[in-house]
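Here is the structure we will look at, set down as structure tokens.
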Number of protein chains: 2
Amino acid sequence: MTKRRRRGSQRVTMGEVARLANVSPSTVSLYLRRPDEVSPGRAEKIQAAIDRLGYLPNTMAGGLASSRSNVIGVLVPTITNSFFSETLETLERHLRSAGYQLLIGNTEFDDAREEELIRSILSWNPAGLVLTGFLHTRKSLSVLANNDTPIVEMWDYGQPGLDMVVGFSHHACGRLVAEHILQQGRRRMAFVSTNFQRDVRARDRYHGFRDTVEAAGGTVELRELSGRSHAEETGRLTHALMQDHPEIEAIACSNDMVALGVLCECQRQAWDVPGRIALAGFGNLDFTTSTVPPLTTIEPPRREIGQHTARLLLASLASKLPEAEKRLDLGVRLVERESV
Amino acid sequence: MTKRRRRGSQRVTMGEVARLANVSPSTVSLYLRRPDEVSPGRAEKIQAAIDRLGYLPNTMAGGLASSRSNVIGVLVPTITNSFFSETLETLERHLRSAGYQLLIGNTEFDDAREEELIRSILSWNPAGLVLTGFLHTRKSLSVLANNDTPIVEMWDYGQPGLDMVVGFSHHACGRLVAEHILQQGRRRMAFVSTNFQRDVRARDRYHGFRDTVEAAGGTVELRELSGRSHAEETGRLTHALMQDHPEIEAIACSNDMVALGVLCECQRQAWDVPGRIALAGFGNLDFTTSTVPPLTTIEPPRREIGQHTARLLLASLASKLPEAEKRLDLGVRLVERESV
DNA sequence: GCCTAAAATCGTAGCGCTACGAATAGACAC
DNA sequence: GTGTCTATTCGTAGCGCTACGATTTTAGGC
């Protein structure tokens with residue numbers, strides 16, 4: 001009477017299962033963790049009791065007792081972006097099938113937020129941690145240093161990193177695009193970017209692009225879109241750009257959505273692509289095959305990043321990841337279509 | 001010597017903080033939970049000790065001891081879709097600022113997977129649960145019934161629901177689009193859908209569309225894309241559709257990405273939109289403003305769903321949500337542009 | 001039937017924290 | 001100084017589970 005109606009959603013405990021199955025709680029625990037170490041007869045009785053009572057183990061109690069957890073924390077700048085969300089989806093699939101649960105955090109491209117999220121996730125005593133990129137606050141670094149959780153920094157490559165690294169060089173992306181456009185003899189270019197101030201990786205692509213173009217004697221006009229890509233703004237900005245710099249013969253974009261915005265403006269103004277203006281994007285989003293003309297772009301290894309991040313993490317957790325395999329450059333390739 | 005080097009990433013405990021600050025562990029705990037109930041002097045000493053040791057509370061231990069958790073589970077069909085990911089992002093922001101941590105699961109439009117994820121999440125003893133839609137397996141329902149966790153079913157509206165409901169009617173979306181096209185005197189139509197077999201909501205939109213068109217004496221050809229929208233396939237399928245049914249004068253799409261694929265094919269074939277073919281999408285994705293012509297579409301309340309889901313959940317957790325406010329139809333509006 | 005080794009089961013002692021009542025300190029009036 | 005009330009602080013008893021050594025059961029050989 002006093003104990004039965006407990007506060008809130010309190011659930012059936014292991015002890016109750018044990019009582020119903022006529023075994024000790026330890027046996028139930030053993031059955032749950034290593035089923036083949038309990039005799040078939042008891043196993044059956046225990047399973048029946050579990051089913052009958054609708055028993056669900058309490059993850060927190062288990063985690064506390066064993067002082068490990070099946071949690072892996074993942075921080076991305078935004079999940080509202082097919083790049084990261086596809087990586088996440090792949091990562092989730094691989095890690096879940098190995099029994100892990102993802103704890104996803106949105107840093108919103110904000111270092112202070114990342115710091116807060118790192119603390120919040122570490123308080124779960126996670127088995128592993130996945131971060132996006134190399135940029136962390138000093139405080140984050142010191143928190144991380146006090147902690148021997150395996151860490152993967154993904155979606156970037158080229159700096160030492162904290163532990164493991166899975167990504168590619170964004171600078172190389174910019175270079176690749178630049179080289180491709182330069183080959184066609186074009187020299188007057190523009191780079192249109194979203195979120196330039198906050199997204200290091202977009203900036204890296206720009207730098208790779210600009211450095212390569214300028215080294216070949218060309219020029220690059222940079223245009224920044226405020227915040228996330230907004231198609232109308234992209235159109236206006238493209239229009240203004242071409243008005244101020246009619247000499248421009250190629251536009252590289254920080255991603256495919258921006259390129260689509262630019263392309264639509266070209267269609268509206270009847271500027272021939274690639275005749276009048278060459279156009280390149282980044283991301284190889286699905287629609288890039290079917291725009292008119294199809295978009296030349298860069299294919300980043302979105303899903304591969306998830307897959308290899310999971311692989312390295314699992315190997316590291318099983319302590320069988322040689323030091324030499326801790327850093328992985330997945331590279332990147334130019335998908336040449338008709339817009340350049 | 002024996003205790004100092006502990007296995008793995010074991011961290012500083014509350015007791016160690018207490019010792020350093022010269023207070024009892026309970027006082028540290030109290031300071032962390034209700035800081036203004038400890039005297040300023042001790043508070044300062046405790047904070048200093050926390051900072052010095054880099055103490056992070058152990059969420060699992062806290063959760064176990066207090067038998068509540070700050071976890072809220074969220075299941076979506078896929079995070080790789082701006083609809084759900086924007087809802088998630090908003091939900092996350094609102095719930096995090098109230099101190100909750102999201103546990104996100106990907107059902108991949110699979111009921112069995114949803115069932116598994118529900119169990120996995122309930123084992124965290126979550127404070128709340130957010131599901132997408134009304135479709136759950138019998139087993140899921142029975143697990144959920146044994147459990148008085150507050151539940152929100154989101155992104156749909158029109159059925160009784162388990163607890164709280166925040167969404168809109170997809171049937172109404174289809175109807176709205178149909179009515180708008182019918183008004184222009186068009187009667188021969190097609191509906192092109194992705195993921196038709198698995199996505200109930202796409203099917204609902206189709207049914208709303210078809211029912212309305214047929215009630216007005218029109219016809220609807222249904223075309224399904226295999227799996228997720230693939231732009232090239234969309235183009236081929238559109239081409240075949242128009243070859244088989246040259247009488248078609250309007251195409252409604254299950255979402256804007258599909259509509260973009262159809263539009264690109266129209267551009268390629270030089271079929272005038274909306275002159276020859278009217279075109280409508282769903283989602284009001286960003287690029288729909290700038291295609292040529294801009295796309296008529298439906299604006300679903302993506303972010304509002306997140307916001308209101310958070311609001312209802314928090315109110316329910318504070319047990320101050322009147323029964324009458326447990327169901328919320330956020331409605332939907334047609335964004336009339338130039339493609340229809 | 002008896003002995004031994006292996007297999008199966010059990011009991012106990014925590015994991016790190018919170019809840020809550022008991023104990024102590026501090027503030028104030030007389 | 002003493003008593004009383006309130007504001008702080010503390011000690012204890014778990015939360016539900018796992019780890020691990022102790023105990024019991026079982027199987028096999030003689």
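No experiment lies behind these values; they were computed from the predicted model shown. Chain naming here is simple, since letters A, B, ... match the order of the sequence lines and numbering starts at 1 in each. Atom set for the values below is all heavy atoms of this structure, side chains included, hydrogens, waters and symmetry mates excluded.
With D:dG16, D:dT8, C:dA19 as the candidates, the nucleotide lying closest to the side chain of A:Thr13 is D:dG16. Across C:dA19, D:dG16, D:dT18, the shortest atom-to-atom separation from the side chain of B:Arg68 is found for C:dA19. Out of C:dG16, C:dC10, D:dT18, the shortest distance to the side chain of A:Arg33 is found at D:dT18. Between D:dT9, C:dC10, D:dT18, one nucleotide has an atom nearer to the side chain of A:Ser24 than all others, and that is C:dC10. The side chain of A:Ser39 has C:dT9 as its nearest neighbour among D:dT8, C:dT9, D:dT18.
One can place CE of B:Met14 at 15 Å from P of D:dG11, the figure rounded to the nearest angstrom. In this structure, the NZ atom of B:Lys45 is 15 Å from the P atom of D:dT8, given to the nearest Å. Here the C1' atom of nucleotide C:dG14 and the CG atom of B:Leu64 are 12 Å apart, to the nearest Å. Look at CG on B:Leu32: it is 9 Å from P on C:dC17, rounded to the nearest Å. Residue A:Asn58 contributes atom CG, which lies 14 Å from atom C1' of C:dC17 at whole-angstrom precision. Rounded to whole angstrom, the span from the CG atom of A:Leu30 across to the P atom of D:dG16 amounts to 21 Å. Rounded to whole angstrom, the span from the CG atom of A:Asn70 across to the C1' atom of D:dC17 amounts to 14 Å. Atom pair B:Leu56:CG and C:dC15:P shows a separation of 19 Å (rounding to whole Å applied).
Checked by atom type, the side-chain pair A:Ser24/A:Thr27 shows a donor-acceptor distance below 3.5 Å.
The one candidate from A:Glu115, A:Glu114, A:Glu116 that meets the side-chain hydrogen bond (donor to acceptor under 3.5 Å, both in side chains) condition with A:Thr137 is A:Glu115.
A:Tyr55 comes within 4.0 angstrom of sugar-phosphate atoms only, judged by non-hydrogen atoms across all strands, and of no base. Within the nucleic acid shown, A:Arg34 has no heavy atom closer than 4.0 Å to any nucleic acid atom.
An OP1 or OP2 oxygen of D:dC17 is reached within less than 4.0 angstrom by no side-chain nitrogen or oxygen of A:Ser29. Between C:dT9 and A:Arg42, a contact under 4.0 Å exists linking OP1 or OP2 to a side-chain N or O. OP1 or OP2 of C:dC10 lies within a sub-4.0 Å distance of a side-chain N or O belonging to A:Thr27.
The backbone N or O of B:Asp110 lies less than 3.5 Å from no partner atom in the side chain of B:Arg198, so there is not a single donor-acceptor pair. At least one donor-acceptor pair closer than 3.5 Å links the side chain of A:Thr132 to the backbone N or O of A:Leu75. Side-chain N or O atoms of B:Glu92 include none that pairs as donor or acceptor with a backbone N or O of B:Leu102 at under 3.5 Å.
If B:Glu37 and A:Pro25 are placed on DNA chain D by their nearest nucleotide, the residue sitting closer to the 5' end is B:Glu37.
Checked by distance alone, B:Ser26 brings a side-chain donor or acceptor within 3.5 Å of a matching partner on the base of D:dG11.
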